[in-house]
Amino acid sequence: MFEKFENWYRNRHDYAKEWKKRTGGQVIGTFCTYVPEEILYAADILPVRILGSHEPQDVSEPHIFAMFCPFCRDCLAQGLKGRFDYLDGIIIAQSCLHIRQAFTSWDLHIPVDFNYYLPHPMNVQSPHAIPYLKEELKAFKKAIEEWTRKKISDEDIKRGIEIMNKNRQLLQQVYELRKTPNPPLTGLEAMYMVVSSQMVDKREHNKALEELLQKLPSRTLDNPGERLMILGSEDDDTEFVAMVESLGARFVIDDHCTGTRYFNTLVNTNGDPLGSIAERYINRIPCPSKDWPQRTRLDHIVQLAKEYDVQGAIIMQMKFCDPHELDTVVIKETLEKDLGIQTLFLEFDVTVPIGQFKTRVEAFLEIIREEDLF
Amino acid sequence: MMETKYPTEPLKCWNKAKTLRENYYKDFAEARDKGGLRWVGGAWSFDAIPAGLGEDVYSLTGEPYGATVAFNDKFALECQEATEARGFARDLCSYMRNYWGSILINKYAWPQFSEEFPKPDFIWQDHICCSHAKWYQVASDLEGGVPMFDIDVSVGPYEELTEHKINYIVGQMHDGINWLEKVTGRDYDDELLIKAVKNEFRSCHYWAAICELNKAIPAPLDEKTMYSLYVLGTLRKSAQWTADFYEKELYPEVKDRVARGIAAVGNEQCRIMTDTQPPWAFLRIFRYLEQYGCVSIGSLYTFGLIGLWEVKEDGTWGPRSIPDIEITNRDEALRALAEWNLSKPEWQHFYHPKLKSDMMIRIAKEWKLDGVFLHFNRGCEGLSLGIAENRLAIQKAGIPTMPFEGNMGDEREFDLERTMKRVDAFMESLEIEKIN
């Protein structure tokens with residue numbers, strides 16, 4: 001049922017090359033989920049999120065100091081190795097310092113036709129963030145128009161919004177099913193589904209999701225075992241998720257930018273298009289780098305844990321990922337002390353020591369099981 | 001005493017600088033005794049704004065405080081271990097960890113002024129680095145909920161500044177003033193704000209003017225000394241005492257040193273600059289360099305953290321001129337303050353390393369340098385951002401570089417002996433020999 005999503009995820013580059021050939025369109029690599037893809041769809045451009053390969057690499061060392069997160073170095077390595085050689089451009093929307101370096105080194109060393117740094121506001125809790133972002137989106141739209149030599153009308157943007165919103169709504173519908181006592185999909189399948197949506201044409205993805213939703217509610221899987229949440233830094237580590245679920249537990253929810261944070265908020269379709277897009281990206285569940293002065297993400301995680309009846313949470317901390325490191329202590333304490341949810345903190349790299357992690361996850365699950373027993 | 005190539009003499013205003021710094025930490029500790037207010041925040045926060053609350057409002061800026069802790073290695077270790085025991089990662093900003101540790105063990109780095117870490121009345125912070133606002137979010141938690149206000153300044157490089165970017169920052173500043181009135185219960189005085197903004201213009205201008213004087217051969221100042229001088233601007237750039245000290249005491253004295261050919265390093269034969277904060281517990285590296293007749297004339301860090309610069313008519317870099325404008329109200333003051341700060345050299349590389357590389361190459365040429373030491377600083381992600389690309393660009397420009405790894409605030413991540421050996425090898429590559 002999820003093979004299509006898995007194939008897209010695994011063969012992302014083949015897909016993008018084939019898409020270009022088929023449509024004659026342009027493909028842009030995006031470095032963060034704050035990039036307003038609505039405007040790219042409005043311009044008939046395919047946005048493809050640049051992610052790593054989870055393979056050891058030795059090409060980024062001269063470009064990014066090793067104290068920065070392995071994910072950003074892995075992303076740059078993909079470019080340096082020529083795996084994204086089909087890209088016509090790259091875009092970053094300002095978020096953490098780490099991924100910014102992958103973008104700037106890419107700009108310096110890997111020729112593309114178009115690059116754009118969108119200074120997305122960091123103070124998303126300020127009332128001035130939305131008007132400011134709206135102006136930045138106008139400038140961004142203009143830059144795209146100049147590059148493509150094609151005017152983007154309000155109707156085009158509305159079409160972009162519709163494509164993106166539909167994808168978000170469909171993903172939300174699938175996630176609703178994960179609230180049930182026996183969710184009809186695994187965490188691994190959910191990961192393939194969401195991450196692939198960041199790589200393929202959303203219109204095709206929407207079609208696949210609609211077909212999936214026809215069959216999914218009646219699908220029955222084995223007993224889910226312990227209901228787990230996964231949260232933390234950027235994470236598309238399918239091998240890790242598969243390992244945990246092979247031990248008899250099931251991920252039922254996540255707080256990842258490769259998961260719920262990507263699709264949880266819709267664009268209002270009644271307002272002026274650019275203003276509404278700005279509103280959506282300011283009001284979405286934030287990346288921790290933008291979550292201040294109040295910790296709104298913490299409340300969101302608590303709410304997810306309750307709604308999805310979570311028994312345990314695995315906090316995936318990408319090595320050197322400062323924004324998440326600044327949140328994990330309070331998240332761990334809140335889940336454990338306020339909600340009585342066991343947590344397991346794991347620091348990971350682009351490759352994970354799967355054997356060691358397996359031992360730790362087994363011990364973690366045993367603790368939860370013992371609690372159930374007594 | 002050994003005869004040197006150039007005459008050298010101590011700075012006359014050295015003790016004054018030391019006293020000003022001590023008074024700053026004393027005033028913060030004793031603020032409440034005088035009925036005053038205490039605030040904490042970053043060295044880049046808009047400190048001219050809380051100045052409008054009155055002349056009895058004292059600050060403690062986090063980065064210089066973290067560096068002060070780092071200089072005392074035993075105290076720093078105590079702070080770092082307390083922070084780690086609380087669950088925080090060891091790779092986070094080391095200033096931040098030193099600061100949090102100080103709260104956790106409830107000890108002030110200046111025990112002669114206060115045994116306990118003085119609790120602030122409010123937090124006033126800026127945000128351009130991932131750790132800025134989050135630093136004080138955690139600090140607020142650790143202090144039991146101190147009210148906090150942050151201003152995002154990450155609107156892109158100065159060369160791309162537009163009106164709506166200024167509006168975003170100024171909007172936050174206006175909100176900040178309303179917030180300050182609410183949390184302190186005080187009325188805001190716009191005249192004091194305007195005065196502070198003008199002081200800040202002078203501080204930033206004159207500090208850059210002082211650094212410019214280091215183009216002279218021999219250099220009148222060495223970087224180790226500059227650390228004790230630039231720090232005043234990081235403590236309170238909008239204070240009259242900072243502006244007056246730079247304009248009326250330090251600048252004339254350094255100018256006079258240049259006129260008389262007074263050197264910081266008597267046997268100057270090699271000129272370098274560094275990059276990012278130094279490993280504060282190991283400033284003796286600079287004394288070691290002197291054995292080679294090597295002077296570090298500064299860095300983009302010491303020049304541009306507080307100093308503001310512009311390209312002059314002859315194409316060289318000099319201090320940014322003090323704005324020739326009349327400020328008559330709050331909005332004008334805030335706009336001028338935002339625009340002024342956005343040109344800060346050390347804010348530019350947050351958007352692209354090429355902006356920093358260009359400035360570093362310019363310094364290397366105009367200050368006539370033989371090489372560049374690059375501190376790959378594990379303690380500061382903000383200023384180490386893009387440093388590997390800076391290295392490549394500087395090398396490409398034909399300027400020798402010596403990268404070394406360390407940590408400004410956590411001595412456990414710095415290997416002194418290894419760094420000395422690197423210095424030896426680098427000097428050998430430059431064909432510079434030790435003097436005697």
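Lettering of chains follows the sequences in order, A, B, ..., and the numbering in each one begins at 1.
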| message | Do A:D327 and B:K134 make a side-chain contact, defined as non-hydrogen atoms from C-beta onward lying under 4.5 Å apart? | response | yes
| message | Which one wins on heavy-atom pair count under 4.5 Å against chain A: B:G382, B:P353, B:A393, B:S140? | response | B:P353
| Residue pair A:D322 / B:L92, side-chain heavy-atom distance below 4.5 Å | yes
| Of A:K134, A:E135, A:E136, which is the lone residue that meets side chain to side chain donor-acceptor pair (under 3.5 Å) with B:H164? | A:E136
| Contact part of A:S105 toward chain B, heavy-atom cut-off under 4.5 Å: side chain, backbone, both or neither? | both
| field | Contacting moiety of B:K354, where chain A heavy atoms sit under 4.5 Å | value | side chain
| task | Check step by step if side-chain contact (heavy atoms from CB on, under 4.5 Å) holds for A:D107 and B:H352. | result | CA-CA 9 Å; A:D107 175 46; B:H352 208 298; 2.7 Å; yes
| query | So, does A:R100 use its side chain to make a donor-acceptor pair with the main chain of B:F350 at under 3.5 Å? | reply | yes
| message | Quick check for you: among B:M148, B:E160, B:E405, B:K165, which has the greatest number of heavy-atom pairs under 4.5 Å with chain A? | response | B:K165
| task | Go through the atoms of B:R86 and report whether side chain, backbone, both or neither lie under 4.5 Å from a heavy atom of chain A. | result | both
| note | All heavy atoms of A:E325 vs all of B:F88, minimum pair found to be O-CD2, 4.3 Å
| Which pair of heavy atoms, one from A:P62 and one from B:A388, lies closest together, and at what distance? | O-CB, 3.4 Å
| Would a distance-only check, ignoring hydrogens and angles, find a side-chain to backbone donor-acceptor pair under 3.5 Å from B:D152 to A:M122? | yes
| message | Counting only non-hydrogen atoms closer than 4.5 Å, can you tell me which residues of residues 95-103 of chain B sit against chain A? | response | B:M96, B:W100
| Which answer fits B:I128, side chain, backbone, both or neither, if we ask what part of it has an atom under 4.5 Å from a heavy atom of chain A? | backbone
| request: Verify the neighbour count for atom CZ of B:R418: are there more than 12 heavy atoms of other residues, nucleotides or ligands below 6.0 Å? | output: no
| query | With only heavy atoms counted, which part of B:N390 is less than 4.5 Å from chain A, the side chain, the backbone, both or neither? | reply | neither
| field | Contacting moiety of B:F149, where chain A heavy atoms sit under 4.5 Å | value | neither
| query | Do A:F320 and B:E381 touch side chain to side chain, with heavy atoms closer than 4.5 Å? | reply | no
| remark: Output for pair (B:L385 CG, A:I64 CD1), nearest 0.5 Å, gives 9.5 Å
| message | Can you tell me which portion of A:L326 sits under 4.5 Å from chain B's heavy atoms? Options are side chain, backbone, both or neither. | response | both
| task | Between chain B and each of A:P131, A:P121, A:A66, A:P127, count heavy-atom pairs under 4.5 Å; write down the option with the most. | result | A:P121
| task | List the atom of A:Q101, the atom of B:G386, and the distance in Å for their closest heavy-atom pair. | result | OE1-N, 2.7 Å
| task | Ignoring hydrogens and angles, state whether a donor on the side chain of B:D175 or A:H128 is under 3.5 Å from an acceptor on the partner side chain. | result | yes
| field | Distance-only polar pair, side chains of A:T104 and B:E389, donor-acceptor under 3.5 Å | value | no
| query | Say you draw a straight line from CH2 of A:W292 to CG of B:D150; how long is it, rounded to the nearest 0.5 Å? | reply | 5.0 Å
| Taking all non-hydrogen atoms of both residues, which atom of B:C130 and which atom of A:S95 are closest, and how far apart? | SG-O, 4.5 Å
| query | Using non-hydrogen atoms only, which part of A:F65 is less than 4.5 Å away from chain B: side chain, backbone, both, or neither? | reply | both
| request: Flag the one option from B:G156, B:S154, B:G87 with the top tally of heavy-atom pairs under 4.5 Å to chain A. | output: B:S154
| said: Would you say that B:V155 contacts A:Y132 through its side chain, given a criterion of any heavy-atom pair below 4.5 Å between the two side chains? | reply: yes
| field | Best-contacting candidate, A:C96, A:P288, A:S126, against chain B by heavy atom pairs under 4.5 angstrom | value | A:P288
| field | Distance, nearest 0.5 Å, that separates CG of B:L392 from CG of A:L108 | value | 9.0 Å
| note | Residues A:M67 and B:C380: closest non-hydrogen pair is CE-C, 4.1 Å
| Should the pair A:R295-B:D141 be classified as a salt bridge under the 4.0 Å nitrogen-to-oxygen rule? | yes
